[in-house]
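Lettering follows sequence order; numbering is per chain, from 1. Bear in mind the structure is a predicted one, so any value in this text is a computation, not a measurement.
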2 protein chains.
Amino acid sequence: MTSKQIRNPEATREALLEAAEAVFLEKGFGNTSLSDIARRADITKSLIHHYFNSKEGLWQEIKTRRFMVYADRQLEIIQDAEPSVELLRASLVFYFDFLKRNPQIVRILAWIFLENDNYDCMQKDKELIDIGLQKVKQAQAAGEIRDDVDARFLLFVFIGLCQHWFQDKEHFIADFGTDGLPEKLDDGYLEAIIKIFFEGILPRKR
Amino acid sequence: MTSKQIRNPEATREALLEAAEAVFLEKGFGNTSLSDIARRADITKSLIHHYFNSKEGLWQEIKTRRFMVYADRQLEIIQDAEPSVELLRASLVFYFDFLKRNPQIVRILAWIFLENDNYDCMQKDKELIDIGLQKVKQAQAAGEIRDDVDARFLLFVFIGLCQHWFQDKEHFIADFGTDGLPEKLDDGYLEAIIKIFFEGILPRKR
DNA sequence: CTATTAATTGGTCGGCCGATTAATAAAATA
DNA sequence: TATTTTATTAATCGGCCGACCAATTAATAG
């Protein structure tokens, strides 16, 4: 009755990554023990060290893996964007939609912030920012966007409005409720920030 | 030579709170040990249990204490605000300025909502939100603010623009640099979000 | 002044943490 | 098939964690 057990190193490695990410993002790095992860993945604790050397190494791999997807996608979004208001708006929708489908990245960023985790992948982020910055400046030079606000602040608000939503969405629901809001809450918020960001909050003149 | 040492329970208690807050906010709850705190405060570890029963109790007290100051101040800000655009702008400045002088609160808030265990704080926050919401709705009814955006989203963006800055300011500086920006970076950002939030990003027509 | 309470100290406890090791079994290689 | 490599397991390590306790000393109440 000795069932010949099959081995699949890549699968177990992936299972560990998956379980670890779930627990880390829920409780944070410091509040998570390797036993937690092993239990969740139903894999022996020792295998974590076998594949990732250390708890820190595991966390690092989770972060970089997610971040690379994030960076690649963001690069596409930015590069496709033309310096016109229309396409800038499309970029915002793309970016928002990406975060919506990959909420983990927002939580990772949140934990990095909270636990003062000096994450070195920020070099890549800087490069992305620089590209986006050029687009905004071009749009400003073309008169498509007001130029009395520094382009950096514009881009920062752009990014922040999206990230902040997925970071504090729970908070929003708890405090504000959802009565009378579209069942697709995300889309409702997106519509709102597009209006505010691209039109301003003053009543229309015409 | 036995120097008669004086005791000051309130002072030591306060010293413990101060040290604990510093370390907790720097490294996070899970990454902090009671030894860290005791060492920093130069007070025996046992006294932490004497005053706060447990590590969790200490953390809980730090959070609620800061939050209460936050809530009180925010109540003042909100209550003073009249449903006019001018006074709403003043409220934003007040709120921003408060966060600027109490940067800890941003981190604490992030934790309170990440570990949704603090019922008192959540409840109180909800009450504050409701008051602010009424003001916004009044302003909308008076035609001072556009009413084609749900008041909840407006308030959420209002708060988020301020909080997000103090949460990710470091990232901004690292990624964007500060060349050509006012040496008072906070004020520069505040000016920017006022322009964007209250006027929109489209070029002026007049 | 005495008795009681509260603050402070140092030492100690069991337990879990992350990490390591040695042994075993499956895969890959030759 | 024989041999090497790699995946997996279980047992174990020292260390530090949070918590507790007993003794000491200052402050306070009577």
Identify all pairs in which a protein N or O lies below 3.5 Å from an N or O of nucleotides 13-17 of chain D, and state each distance.
residue: dC17(D); atom: OP1; partner: Ser33(B); partner atom: OG; Å: 3.3
residue: dC17(D); atom: OP2; partner: Ser35(B); partner atom: OG; Å: 3.4

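Salt-bridge check for Asp179(A) with Arg152(B): failed, with every basic side-chain N at 4.0 Å or more from each acidic carboxylate O. Taking a cutoff of 4.0 Å between a charged side-chain nitrogen and a carboxylate oxygen, Arg73(B) and Glu76(B) qualify as a salt bridge. One finds a salt bridge joining Asp97(B) and Arg101(B) here, because a Lys/Arg side-chain nitrogen approaches an Asp/Glu carboxylate oxygen to under 4.0 Å.
Of all the residues in residues 17-27 of chain B, not one reaches under 4.0 Å from DNA chain C with any non-hydrogen atom. Residues from residues 56-63 of chain B placing a heavy atom under 4.0 Å of any atom in DNA chain C do not occur.
When rounded to the nearest whole Å, the span between CD1 of Ile6(B) and P of dT28(D) equals 12 Å. One atom, CD1 of Ile37(B), and another, C1' of dG18(D), lie 11 Å apart when rounded to the nearest Å. Atoms CZ (Arg13(B)) and P (dA6(C)) sit 15 Å apart, rounded to a whole Å. One atom, CD1 of Ile48(A), and another, P of dA10(D), lie 15 Å apart when rounded to the nearest Å. Between Asn8(A) atom CG and dA28(C) atom C1' the separation is 15 Å, expressed in whole Å. Counting to the nearest Å, the P atom of dA7(C) and the NE2 atom of His49(B) are 17 Å from each other.
Scanning for side chain to side chain donor-acceptor pair (under 3.5 Å) contacts around Glu14(B) gives Arg65(B), with sequence neighbours left out. The side chain to side chain contact (heavy atoms under 4.5 Å, CB included) test applied to Arg7(A) returns no partner, not counting sequence neighbours.
Side-chain atoms of Arg7(A) and base atoms of dT8(D) include no donor and acceptor less than 3.5 Å apart. You won't find any donor-acceptor pair under 3.5 Å spanning the side chain of Ser46(A) and the base of dA19(C), going by distance alone.
Residue-level contact check: Phe52(A) touches neither bases nor backbone, having no heavy atom under 4.0 Å from any strand.
The side chain of Leu47(A) sits closest to dT8(D) out of dA19(C), dA7(C), dT8(D).
In this structure, a donor-acceptor pair under 3.5 Å is present between the side chains of His171(A) and Asp125(B).
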Side chains of residues 127-137 of chain B: which donor-acceptor partners sit under 3.5 Å, not counting sequence neighbours?
residue: Lys135(B); atom: NZ; partner: Ala81(B); partner atom: O; Å: 3.1

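Under the 6.0 Å cut-off for aromatic ring centres, Phe67(B) and Tyr70(B) qualify, their centroids lying closer than that. No close placement of the Phe153(B) and Phe176(A) rings is indicated, their centers lying 6.0 Å or farther apart. Two rings, from Trp59(B) and Phe24(B), have their centers less than 6.0 Å apart.
Taking only side-chain nitrogens and oxygens, Ser54(B) never comes nearer than 4.0 Å to OP1 or OP2 of dG18(D). The side chain of Thr44(A) places no N or O atom within less than 4.0 Å of a non-bridging phosphate oxygen (OP1 or OP2) of dA10(D). Between dA7(D) and His50(A), a contact under 4.0 Å exists linking OP1 or OP2 to a side-chain N or O. Contact between the side-chain N/O atoms of Tyr51(A) and the OP1/OP2 oxygens of dT6(D) is not found at any separation under 4.0 Å.
Surrounding CD of Glu170(A) are at most 12 heavy atoms belonging to other residues, nucleotides or ligands under 6.0 Å away.
Cation-pi check for Lys169(A) over Phe156(B) is not met; the charged atom does not lie both under 6.0 angstrom from the ring centroid and within 45 degrees of its normal.
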